[in-house]
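Working notes, beginning with the structure itself.
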Amino acid sequence: MTARVIDGNARAAALRAKLTDEVARLKREHGLVPGLAVVLVGDDPASSIYVRNKVKRTAEAGVASADYKLPATASEAELLSLIAKLNADPAVHGILVQLPLPKHLDAGKAILAIDPAKDVDGLHPVTVGALASGMPKLVPCTPLACIILAKDVHGSLAGLEAVVIGRSNIVGKPLAQLLLAEDATVTIAHSKTRDLAAVCRRADLLIAAVGRPELVRGDWVKPGATVLDVGINRIETGEKKRLVGDVAYAEAAQVAGAITPVPGGVGPMTIACVLVNTVRAACLQAGVPAPGIS
Ligand code: NAP
């Protein structure tokens, strides 16, 4: 079998087009312009690229997007004071603090400082608790992206065996909650999981969010399964640097039914989901019905 390649770029473009229409409608009918503030501390090159993309893509859809840059030497007080200013600004509906922060800053404190109503990364404990209690308001962008892609393939996820490799707060754990809410049977695997290959082979839906280049081999994949590869790993082969996922793509594509490439799979959909969350946050704050997510 050769897997169907899930085109994350095309899917993200379709989602952005839909959201662009929604943003125009919100402005026309309610005078509401969703606003996004992205906070970047320091000048880590990968983080700068992510922030630039988030601001560019959301601005293209009509969102009032702005980045707020602080120097790598910024103090905790400076960061918290910027977040407080953005919390109080009624034109800002979503706040993203780009992680990782420089080592001297406590990411937990920054996340706790964000008004949960503006928590478009879905990391504040209030947002996490709402998701776990089945009352989601905003959900993290990458897990949301994975759910949309999985539902594109399967329609309903009810009853599917879903295996998520990775238990981070930003991807693995919220993704497992979303999959449960979709009535999948969910296993969360991690670095202490015994016989990871055998656990993966059970999966109708296998999602890797690990950060280990090509960890998941072709013979870990159940024939016909859907494989979503969240990993983004920069590797060097000779002189060349390239991006690979957590899945050995060429091998897995021989076995899977559908698979996301890296790049061009989950990544662009994650950025489109920043837009979804910003529009949703604006609607919730304005008391206006939020558009559907897909
Ligand atoms: P993270 O916080 O480092 O978590 C990695 C998880 O993988 C941990 O739960 C860890 O287990 C588990 N793990 C590590 N080695 C393992 C192994 N050999 N076998 C099984 N599990 C193992 O990473 P993250 O923030 O979730 O990100 C994961 C990957 O996704 C990274 O490559 C990141 O760049 C990428 N990412 C992509 C997007 C996107 O938009 N596409 C968004 C976010 C992240 P323990 O908990 O036991 O340590």
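Computed from a predicted model, the values in this text were never measured in an experiment. Order of appearance sets the numbers: ligands from 1, and atoms from 1 within every ligand. Below, each value reflects all heavy atoms present in this structure, side chains not excepted, and no hydrogens, waters or symmetry copies.
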*Taking Asp119 for the side chain and Leu138 for the main chain, is one N or O donor matched with an acceptor at less than 3.5 Å?*
no
*Could you list all the salt bridge (charged side-chain N to carboxylate O under 4.0 Å, His left out) pairs where at least one residue sits in residues 69-85, not counting sequence neighbours?*
Asp67-Lys69, Glu76-Lys109
*Check ion pair Glu182-Lys151 (N to O, under 4.0 angstrom)*: yes
Between the protein and ligand 1, are there any N or O atom pairs that come within less than 3.5 Å of each other, and if so, what are their names and distances?
from: ligand 1; atom 1: 9 (O); to: Arg167; atom 2: N; distance (Å): 2.8
from: ligand 1; atom 1: 11 (O); to: Ser191; atom 2: N; distance (Å): 3.2
from: ligand 1; atom 1: 15 (N); to: Arg212; atom 2: NE; distance (Å): 3.4
from: ligand 1; atom 1: 21 (N); to: Ser191; atom 2: N; distance (Å): 3.3
from: ligand 1; atom 1: 26 (O); to: Ser168; atom 2: OG; distance (Å): 2.5
from: ligand 1; atom 1: 32 (O); to: Ile232; atom 2: N; distance (Å): 3.0
from: ligand 1; atom 1: 32 (O); to: Ile232; atom 2: O; distance (Å): 3.4
from: ligand 1; atom 1: 40 (O); to: Thr270; atom 2: OG1; distance (Å): 2.9
from: ligand 1; atom 1: 41 (N); to: Val230; atom 2: O; distance (Å): 3.3
from: ligand 1; atom 1: 46 (O); to: Arg167; atom 2: NE; distance (Å): 2.7
from: ligand 1; atom 1: 47 (O); to: Arg167; atom 2: NE; distance (Å): 3.3
from: ligand 1; atom 1: 47 (O); to: Arg167; atom 2: NH2; distance (Å): 2.7
from: ligand 1; atom 1: 47 (O); to: Ser191; atom 2: N; distance (Å): 3.2
from: ligand 1; atom 1: 47 (O); to: Ser191; atom 2: OG; distance (Å): 2.5

*Any donor-acceptor pair under 3.5 Å linking the side chain of Ser168 with the backbone of Val171?*
yes
*Output yes when Lys56 and Glu60 qualify as a salt bridge under the 4.0 Å nitrogen-oxygen rule, no when they do not.*
yes
*Distance only, no hydrogens: is a donor on one side chain within 3.5 Å (strictly under) of an acceptor on the other, for Asp229 and Thr260?*
no
